[in-house]
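Read through the structure below, which is laid out as structure tokens, and then see the notes.
Numbered from 1 within each chain, the chains take letters A, B, ... in sequence-line order.
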Amino acid sequence: MPFVDANGVSLHYALAGAAGRSLVLMHELGGTLHSWDAVAPRLAARCRVLRYDQRGAGASEKVRRDFTNDTLVDDFEALAKHAGLDPPYHFVTVAAAATQALRFLEKRPDQVGALVLCNPAPGVDPARAAALDERAAFAMREGMRASLPTTLALSYPPHLGERAAYEVYLGRYLANDPVGFGLAFRCLARTNMLHMLPQIRCPTMVVAGRHDTVRPHAGTAELAKRIPGARFELIDDAGHFMPTQAPQALAALLEDFLPL
Amino acid sequence: MKIKANGITINYQIDGPDHAPCLVFSNSLATTLAMWDEQAATLKDKYRVLRYDQRGHGSTDAPAGRYSYDTLLADALGLLDALSIRKAHFAGLSMGGATALGLAERHPDRFDRIIVCDSPCQSTPQSSQQWEERIAVAQKQGIEALVEPTVSRWVPPEILAKNPPHVDKIRAMIRATPVNGFIGCAAALADHDYASAVAGVKLPVLFLVGEKDAPAPAMRKLNEKLPGSRYVEIPGAGHISNMDRPSEFTKAIRDFLGA
């Protein structure tokens with residue numbers, strides 16, 4: 001898996017699939033491009049699949065300065081250009097990564113083919129920014145293990161999906177740079193793309209997990225109603241992180257929905 | 001104890017001497033009057049502490065439908081009338097905090113001092129949408145689905161990581177909340193504003209908030225807008241600041257009422 005120096009940082013990415021439409025898989029906060037390991041190969045048989053570690057995450061550069069949602073969108077654009085991945089892009093996002101796809105859509109509406117938002121966290125009430133900063137500071141100060149009860153214990157109960165997949169996920173999660181993790185939280189605290197929901201004009205599917213204890217599925221269904229014409233799907237065996245918890249069910253939905 | 005007021009049966013509890021000044025406590029969404037156990041045990045030495053379960057909570061009636069803040073204010077006044085209490089200090093937290101400020105604005109003749117805790121005292125377009133999402137969750141999935149998301153929003157990570165007993169008490173209160181009551185009160189929270197008129201309040205007000213609670217910045221602004229009011233942050237506390245740091249919280253109230 002190659003690296004590229006793009007938008008001022010080193011980004012670790014994987015591009016698979018020889019031909020076809022451009023699919024972009026964006027991982028969750030605390031995840032890496034490996035969050036998609038059980039989904040990406042199946043899709044790469046039909047299209048070009050780009051996944052990458054967000055700045056501060058996985059094997060991408062461990063930054064030490066605050067960044068914004070716009071920075072992350074710029075990272076994507078620089079990476080896509082380098083990788084030769086052409087628009088229109090079909091974005092599949094997990095949780096907070098929805099904010100990046102929505103910002104890109106706002107910036108370049110003609111370059112988005114479709115959106116799939118898994119358990120989307122499309123923005124944070126500015127009134128809650130300080131509370132999220134608190135979580136960021138806690139992770140930065142105390143490390144990933146101390147953060148587990150308030151993060152992964154909620155988003156990934158071990159009984160969901162394959163136990164082996166959980167063990168691997170937990171290992172990767174604990175290997176996160178706590179500062180990069182905290183900076184991503186701080187970025188989310190200052191991001192609010194909720195205004196985009198009623199303005200989405202491309203085909204959109206919202207996917208919820210029945211066992212999501214971070215964003216209960218009925219709330220996500222309510223959110224999906226604000227997107228004109230959006231399709232809503234509920235995966236029975238998934239929680240908050242469905243690419244790892246229910247990869248086959250998610251891949252089947254993607255194959256059904258995306259014009260690949 | 002139960003009493004009829006404003007068309008429903010309200011559950012309440014009184015601790016402390018009959019002739020001491022009355023101090024009312026009004027609970028937050030998805031809790032009960034038991035949230036005030038520590039405050040009642042301490043403050044009953046000098047005050048007649050009256051606490052009640054807000055409409056839809058604890059052992060108070062939980063009629064179906066969307067409630068309004070006008071109704072929540074009328075419940076509080078109805079309770080005072082039913083108990084023949086002419087004047088009282090009134091303290092409330094979160095949903096109860098907005099109840100307290102609403103009473104100060106609309107019915108100043110019935111109160112002495114007002115304590116507004118952990119509430120921005122107004123909804124925003126964004127918070128209204130979030131309440132509608134939570135209402136949908138309560139309707140379709142039940143209260144259980146709201147327990148952990150709510151706890152992780154309310155309790156700061158330092159405290160949650162240690163999981164002290166009071167966090168389990170909070171969980172149990174959320175879990176026991178009637179769906180009707182949650183929906184009714186969430187609808188009231190989705191549409192209220194006592195912040196815009198705060199500058200006109202004529203009573204002494206204490207704004208009391210957990211240092212790590214989301215409404216802290218908004219409450220600093222409320223304090224700035226209201227001449228003569230007081231603002232106190234409880235170090236380390238989150239949204240349910242009176243349970244996170246009971247003695248500091250109680251001291252802030254005692255200082256304010258004794259001032």
Report task. Show your working on salt bridge (charged side-chain N to carboxylate O under 4.0 Å, His left out) between B:E132 and A:R226 and close with a plain yes or no. Result -> CA-CA 12 Å; B:E132 295 307 329; A:R226 306 214 294 274; over 6 Å; no

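- Other residues, nucleotides and ligands contribute at most 12 non-hydrogen atoms within 6.0 Å of the CZ atom of A:R145.
- Between B:E158 and A:R135 there is no salt bridge, since none of the side-chain N atoms of the basic residue sits less than 4.0 Å from a carboxylate O of the acidic one.
- Under a 3.5 Å cut-off, the side chain of B:Q141 and the backbone N or O of A:H217 do form a donor-acceptor pair.
- Looking at A:L223, both its backbone and its side chain come within 4.5 Å of chain B, counting heavy atoms on both sides.
- Considering every non-hydrogen atom in both B:V137 and A:A218, the closest pair reads CA-CB, 3.6 Å.
- In this structure, the separation between CD on B:E144 and OG1 on A:T213 is 10.5 Å, given to the nearest 0.5 Å.
- Expressed to the nearest 0.5 Å, how far OG1 of A:T151 lies from CG of B:L160 amounts to 10.5 Å.
- Summarising the local packing, NZ of B:K251 is surrounded by 12 or fewer heavy atoms from other residues, nucleotides or ligands at distances under 6.0 Å.
- Side-chain contact between A:S147 and B:P157: absent, with no pair of heavy atoms (C-beta onward) separated by less than 4.5 Å.
- For chain B, no part of A:D212 is nearby; none of its heavy atoms comes within less than 4.5 Å.
- Here the side chains of A:E222 and B:Q129 are not in contact, with every heavy-atom distance at 4.5 Å or above.
- Using a 4.5 Å cut-off between heavy atoms, B:A145 contacts chain A through both its backbone and its side chain.
- The shortest side-chain heavy-atom distance between A:D125 and B:S127 falls under the 4.5 Å cut-off.
- Contact of A:H195 with chain B is not made at all, since no heavy-atom distance falls under 4.5 Å.
- Heavy-atom pairs under 4.5 Å with chain A were tallied for B:R134, B:E148, B:Q130, B:K212; the largest tally goes to B:K212.
- The nearest pair of heavy atoms linking A:V124 to B:Q126 is C-NE2, 3.4 Å.
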